[in-house]
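What you see below is based on every heavy atom in this structure, not just the backbone, and it leaves out hydrogens, waters and symmetry mates.
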Amino acid sequence: MNNFDKIFLVLLFIFSNQVFANEVDQLKTDSDVNEFVKNMNPDFAKDKYGKFKIRTTDSIAKHLSCDGIFKSWNIKNWEKADITNDGLTDLVFIAYWYDYISYALIDIGNNTFKLFRFSKSPFENCELVKPIKIGKNNYLKLYRKTSEIDTLNKQPFIYKTVVIIDTLVFKFNDFIELNKPYYVKSEIESIEINTGYCFGSCPSFNLILYKDSRANFEGIGYTKQLGKSSKRLSPEIFKELSESIQYININSLKDNYAVNWTDDQTATLTITFKDKSKKQIRDYGMQGTFGLSAIYAKLMNISTNWHTLHNYNP
């Protein structure tokens, strides 16, 4: 290799690093991270729920043993990792904001970042994620303490504590449980969601999407459009939702999920297959699984923006 080739390779290396480097790559201290995440999410700077702070790893460890998981998994107060496997560095961090909460900021291009929250319960802070590598890809290892209805107890509204250890993958533009490919017995014909009220302004609506792109919406309350209407949506919307539902293996999930607090919203998700079989899930709190939450979010987005959606015209 001559000198010209060597110089070319050095310049290529420097240029490629500059192209793919982002603001997360420049973070070096807790103070850097604290200021960066406040800039990315101005709500953190408002101190609405108390002073927002990135505490030291040692300080967090004193409060979050989580059955020894915090130390045994070598969890840090913040870590850099490409958790979306797109060549851009993302940030995983634990913030103290009235309590300890696990977040990630992912680079969605041009140094623009999107915030994801992994702590679901306002009453449980042992909800931790740790960047890990499996083969050539990066994932998040999840440890979560939660509560579920004790079906063996004859008394009503009795909950038991359960520990969930799982692996999350960034797929369909969200973090969901990693699943192995499986054989889908029947194609999905329709996807329906019905949401109820909560103690607040949760949107209540009915929405059903069909494989042929038809969509029926009924705004019941706290929606920008009230009443019934129908449209044809882009086939890509149903395709992505259908693939998401198949990936999370919806038939393997429970029929009922519920958080252990009051005044939250209930969603009923009904999937109808080509063979006319159905899978229905009633989810009080809409937090059954990360995969379900991702699907609810997509359907909620369609309903929230229904008044702006135009009929699909190929």
### Message
Show every disulfide (SG to SG under 2.5 Å) that has at least one partner inside residues 58-97, sequence neighbours left out.
### Response
C66-C126
### Message
For a side-chain contact (heavy atoms from CB on, under 4.5 Å) check, start with the C-alpha distance between I245 and L269, then their side-chain angles and the critical distance, and finish with the verdict.
### Response
CA-CA 11 Å; I245 291 165; L269 180 68; 5.5 Å; no
### Residues R55 and D30 bridged, charged N to O under 4.0 Å
no
### Identified side chain to side chain contact (heavy atoms under 4.5 Å, CB included) partner of L91 from the options I106, I83, V37
V37
### Query
Cation over ring, K120 on F290, under 6.0 Å and within 45°?
yes
### Whether K80 side chain and L27 backbone form a donor-acceptor pair below 3.5 Å
yes
### Query
Is there a path from F36 to F116 through hydrophobic residues (I, L, V, M, F, W, Y) whose side chains come within less than 4.5 Å of each other?
no
#### Entry: Side chains of N22 and D107, donor plus acceptor under 3.5 Å
yes
#### Entry: N/O donor-acceptor pair under 3.5 Å between T268 side chain and R282 backbone
no
### Message
Would the distance check show the side chain of Q265 and the main-chain N or O of P203 forming a donor-acceptor pair, the cut-off being under 3.5 Å?
### Response
yes
### Query
Regarding T304 and N301, is there a side-chain donor-to-acceptor distance under 3.5 Å anywhere?
no
### Message
Under 3.5 Å, is there a donor on one side chain and an acceptor on the other for N206 and N194?
### Response
yes
#### Entry: Ionic contact status for R144 with E124, cut-off 4.0 Å
no
### Message
Is it the case that over 12 heavy atoms from other parts of the model lie below 6.0 angstrom from the CZ atom of R232?
### Response
yes
### Query
If we ignore angles and hydrogens, is there a donor and acceptor under 3.5 Å between the side chains of D82 and N138?
no
## Note on the structure
Per side chain to side chain donor-acceptor pair (under 3.5 Å), K279 is matched among T272, N251, D255 by D255
### Task
Establish whether L292 and I193 are linked, either directly or via other cluster members, by ILVMFWY side-chain heavy-atom contacts under 4.5 Å.
yes
### Task
Report, as yes or no, whether the 6.0 Å neighbourhood of atom NZ on K231 holds more than 12 heavy atoms from other residues, nucleotides or ligands.
yes
#### Entry: Atom NZ of K62 with >12 non-hydrogen neighbours under 6.0 angstrom
no
List the atom pairs, donor and acceptor, that lie under 3.5 Å between side-chain atoms in residues 157-171 and the rest of the protein, sequence neighbours left out.
from : atom 1 : to   : atom 2 : distance (Å)
Y159 : OH     : V259 : O      : 3.2

### Query
How about T223 and W306: does a side-chain donor come under 3.5 Å of a side-chain acceptor?
no
### Task
Quick one: which residue pairs count as a disulfide (SG to SG under 2.5 Å) with a foot in residues 206-304, not counting sequence neighbours?
none
#### Entry: Distance-only donor-acceptor check, side chains Q287 and S293, under 3.5 Å
no
#### Entry: Stepwise side-chain contact (heavy atoms from CB on, under 4.5 Å) test for L241 and F172
CA-CA 9 Å; L241 278 165; F172 307 112; over 6 Å; no
### Query
Rounded to the nearest 0.5 Å, what separation is found between the CZ atom of F217 and the OG atom of S229?
6.5 Å
### Message
Would you say S277 and D275 are linked by a side-chain donor-acceptor pair, where the criterion is simply a distance under 3.5 Å?
### Response
yes
### Message
Please check this pair: side chain of S102 against backbone of E127, looking for a donor-acceptor N/O pair closer than 3.5 Å.
### Response
yes
### Message
Quick check on the 6.0 Å ring-centre criterion: do Y103 and F44 meet it?
### Response
yes
